[in-house]
Colleague: 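Submitted below is the structure of interest, expressed as structure tokens.
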Amino acid sequence: MTGLQQLIRVLGETGCRPCGMFKTSRTVKCPGEGPRDASIVLLGEGLGADEDALGRPFMGRAGQLLNRCIYSATLLRADLYLTNSVRCRPINALGSNRPPTHKEIGYCNGFLQDELDHLSNKRVIVAMGASATAALLRSAAPTGGVLENQGKVLWSERYGCWVILSIHPALALRRPADAEWLVDDLVLAARIAREGAPPVPKVAEVLVVRTWEAACAARDRLLGAARLAWDWESTGVHLTRDIGVCVAFCMEPGKATVFPRYEGGLAPIWSRAELRALDQEILIPLLTSDVPKVGQNAEFDNAITKTTLGVAVRNIAGDTQVAHYLVKNHLGERAHGLKRLAVRYTAYGRYDDPLDAWLMEHGYTKDGKPDGVFMYKAPGATLWPYNGTDAVVTFEVEPVILEMIDAAGLRGAYAERLRFGANQGEMDRYGVRLDRPRLDTLAEDMGEAMAAMASQLEQLAGHPVNPNAH
Ligand code: URA
């Protein structure tokens, strides 16, 4: 046992009375383990049965999964310091594991603080799960669920290092695909340990078109693009009713052009005649041009194009959401959203944070979380850079995902999916045209086949069979 571990054990055994958990734990007070000069600290919740029996953190199933994540992030467990928010095993009345209460976390916090203060070289702590976040950040812990906060990086004055909010490996035991988030966070931790700080998010260069001359110049430039990413912000999420508030295009990495149709809250920017001209002479020619277009959930933006401009987008050649789903379909639904793709594959990070903060501040929330349906109310200074970055991220992630598609040999399947998406979009909007004569023929064929089957059954059964009886 190292000096540090001895210290913690002594501290624990002398000072630890109030929560009473030590009475039910076998190995009272499991200290953290790892080198004292570790630059990365992993903070868990509390002990399970294995840890309690062995007196070492992360030795059970969650620990094994954590080991695999550490390995996937090309780190070595021996280089990391692993510890827990509480030092005993919280159990329920049936003797099974349970999360520690806030009180228990509070009682144990002095030991955790002492332990962390002894780690003189720590640069980043990965808070794995809600208990770890509560133990480290106390009242400063952000609102929202673990998955929502996963990947956030905060500076801790108290500990003088960075804190990454991540998921607990036990969550990934239940939802194996979520292990990817933990791996991502460990990779980020390694980067912070190396560079001393989290990467500064890149900011896209966003040109906002506010004059007729600028609109014409931007249209002419964009019509010369080899490929265009496009993205609408609209008044909601109803495919057949929403109106586009602003639309962004990207034809080269890092730069976007945003055409606002309205200011925040649908305040007019243009006169009615100007808005009509913008739609007819700028936006329709761009969206119906031959230039290949790529969207994120392109059929949604196609639907907004139709409700706003009355035309369908021509030559949709890519859809980053469809593509990502195809190569990463083992991940949950949340993994394919643009914000996720941005964090994972680009340098723009959580560029939606300012918009989310605005929504929260102005009470546009649902279940305590920012409600994106109301983003059209945000002022242009918040909404337009967001819209532009959406287009830039779509443009930049497409080649990354296409490379994965090619590596997996899924180009053909992707082309099929894109075609299917376009058809489905048409069906959503216009319904389905039924071929009545063909259906009649099919019904007749099926009737004949059923009659033949019934007579075969009669032969087998040796008595009459009523094909309509169940
Ligand atoms: N879960 C934790 O949070 N910590 C451990 O040490 C083991 C499982």
Side-chain angles (χ1 to χ4, degrees), residues 40 73 123-128 133 136-137 140-156 161-167 178 180-207 229 231 233 248 250 252-256 258 294 296-297 320-321 324 328 331-332 334-361 369-370 372 375 378 381-401 403-404:
I40 302 176
R123 289 194 152 177
V124 54
I125 304 174
V126 182
M128 299 187 295
T133 303
L136 276 181
L137 303 178
T143 54
V146 165
L147 278 168
E148 201 182 332
N149 288 322
Q150 177 272 323
K152 278 193 181 157
V153 186
L154 311 165
W155 174 255
S156 164
C161 69
W162 295 96
V163 174
I164 301 177
L165 305 188
S166 190
I167 62 159
D178 285 344
E180 291 224 10
W181 310 134
L182 184 50
V183 175
D184 279 357
D185 294 333
L186 293 171
V187 170
L188 178 62
R191 181 160 179 192
I192 295 177
R194 225 174 26 246
E195 296 173 5
V200 179
K202 216 163 124 180
V203 178
E205 211 179 288
V206 178
L207 171 76
D231 180 82
E233 306 309 341
C250 173
E252 60 187 311
K255 293 184 182 174
V258 174
V294 50
Q296 160 78 9
N297 189 8
T320 42
Q321 180 168 292
H324 194 257
K328 293 276 181 185
L331 296 179
R334 314 165 67 110
H336 315 291
L338 195 59
K339 314 305 171 264
R340 280 284 178 184
L341 301 186
V343 169
R344 205 142 210 249
Y345 303 116
T346 77
Y348 298 99
R350 302 173 67 104
Y351 67 92
D352 52 332
D353 279 352
L355 178 61
D356 280 355
W358 186 91
L359 290 166
M360 293 293 286
E361 210 175 292
K369 297 175 195 160
M375 68 168 73
T382 306
L383 189 63
W384 299 333
Y386 169 84
N387 183 205
T389 313
D390 272 354
V392 168
V393 168
T394 305
F395 187 88
E396 290 193 26
V397 296
E398 193 198 23
V400 181
I401 304 173
E403 218 170 275
M404 296 193 280

Colleague: Ignoring hydrogens and angles, tell me if any N or O in the side chain of Asp231 forms a donor-acceptor pair with the backbone of Gly388 under 3.5 Å.
Modeller: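 Pair absent, no side-chain N/O of Asp231 close to backbone of Gly388.
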Colleague: Take Leu383 and Trp358, measure what side chain to side chain contact (heavy atoms under 4.5 Å, CB included) needs, and give me the verdict at the end.
Modeller: CA-CA 10 Å; Leu383 189 63; Trp358 186 91; over 6 Å; no
Colleague: Minimum heavy-atom separation for Tyr348 and Lys202, please, with both atom names.
Modeller: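 Heavy atoms only, the tightest pair is CD2-O, 3.2 Å.
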Colleague: Are Ser156 and Ile125 side-chain neighbours, meaning at least one heavy-atom pair lies under 4.5 Å?
Modeller: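 SC-SC contact between Ser156 and Ile125 ruled out.
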Colleague: Roughly how far apart are Glu205 CD and Lys255 NZ, rounded to 0.5 Å?
Modeller: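 The CD atom of Glu205 sits 5.0 Å away from the NZ atom of Lys255.
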Colleague: Indicate the atoms forming the closest heavy-atom contact of Thr133 with Ala141, along with that distance.
Modeller: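 Looking at all heavy atoms of both residues, the shortest contact is CG2-CB, 3.9 Å.
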Colleague: Do Leu188 and Pro199 come close enough that some side-chain heavy atom pair is under 4.5 Å?
Modeller: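 They are in contact (side-chain heavy atoms under 4.5 Å apart), so the answer is yes.
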Colleague: What distance do Ile401 atom CD1 and Thr394 atom OG1 have between them, rounded to the nearest 0.5 Å?
Modeller: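 These two atoms lie 9.0 Å from each other.
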Colleague: On a heavy-atom basis, which atom in Leu355 and which in Ala378 lie closest, and how many Å separate them?
Modeller: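 That would be CD1-CB, 3.9 Å.
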Colleague: How about Tyr351 and Leu338: do any of their side-chain heavy atoms sit closer than 4.5 Å?
Modeller: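 Sidechains of Leu338 and Tyr351: in contact.
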Colleague: Looking only at non-hydrogen atoms, find the nearest pair between His336 and Lys328 and report the distance.
Modeller: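 Result for this residue pair: CE1-O, 3.2 Å.
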Colleague: Taking the basic N atoms (NZ, or NE/NH1/NH2) and the acidic carboxylate oxygens, is any pair closer than 4.0 Å for Asp390 and Lys339?
Modeller: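 Yes, Asp390 and Lys339 are salt-bridged.
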Colleague: With heavy-atom distances below 4.5 Å as the criterion, would you say the side chains of His324 and Met404 are in contact?
Modeller: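 A side-chain contact under 4.5 Å exists here.
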Colleague: Could you measure the distance from the CD atom of Gln296 to the OG1 atom of Thr320? Nearest 0.5 Å is fine.
Modeller: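 If we round to the nearest 0.5 Å, Gln296:CD and Thr320:OG1 are 3.5 Å apart.
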Colleague: For Glu403, is the CD atom crowded, meaning more than 12 foreign heavy atoms sit under 6.0 Å from it?
Modeller: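 No - once you tally the heavy atoms of other residues, nucleotides and ligands closer than 6.0 Å, there are 12 at most.
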Colleague: Check the pair Arg340 / Tyr345 against side chain to side chain contact (heavy atoms under 4.5 Å, CB included), numbers first and verdict last.
Modeller: CA-CA 8 Å; Arg340 280 284 178 184; Tyr345 303 116; over 6 Å; no
Colleague: Ignoring hydrogens, what is the shortest heavy-atom contact between Val258 and Ala248? Give both atom names and the distance.
Modeller: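 Looks like CG2-CB, 3.8 Å.
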Colleague: Dump the intermediate steps for side chain to side chain contact (heavy atoms under 4.5 Å, CB included) on Val343 and Arg350, then the final yes or no.
Modeller: CA-CA 6 Å; Val343 169; Arg350 302 173 67 104; 3.9 Å; yes
Colleague: To the nearest 0.5 Å, tell me how far Glu398 CD sits from Leu341 CG.
Modeller: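 Answer rounded to 0.5 Å: 12.0 Å.
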Colleague: Would you name the heavy atoms of Pro198 and Ile192 that are closest together and state the gap between them?
Modeller: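 Smallest heavy-atom distance, with atoms named: CA-CG1, 3.8 Å.
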Colleague: Identify the residue among Val392, Thr389, Val393 that makes a side-chain contact (heavy atoms from CB on, under 4.5 Å) with Thr346.
Modeller: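 That would be Val393.
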Colleague: Would Leu154 and Leu137 count as a side chain to side chain contact (heavy atoms under 4.5 Å, CB included) if you check the C-alpha gap in whole Å, the side-chain angles of each, and the deciding distance to 0.1 Å?
Modeller: CA-CA 10 Å; Leu154 311 165; Leu137 303 178; 3.5 Å; yes
Colleague: Working to the nearest 0.5 angstrom, can you tell me the gap between Asp353 CG and Tyr386 OH?
Modeller: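 Going from the CG atom of Asp353 to the OH atom of Tyr386 covers 11.0 Å.
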Colleague: Could you grab the distance from atom CE of Met128 to atom OG of Ser166, nearest 0.5 Å is fine?
Modeller: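 Between atom CE of Met128 and atom OG of Ser166 there are 7.5 Å.
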Colleague: Does Lys152 have more than 12 heavy atoms from other residues, nucleotides or ligands lying within 6.0 Å of its NZ?
Modeller: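 Atom NZ in Lys152 is crowded, with more than 12 foreign heavy atoms closer than 6.0 Å.
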Colleague: Look at the rings of Trp155 and Trp162 and say which category their plane angle falls in: under 30° parallel, 30 to 60° tilted, over 60° perpendicular.
Modeller: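 Perpendicular: the ring planes of Trp155 and Trp162 meet at over 60°.
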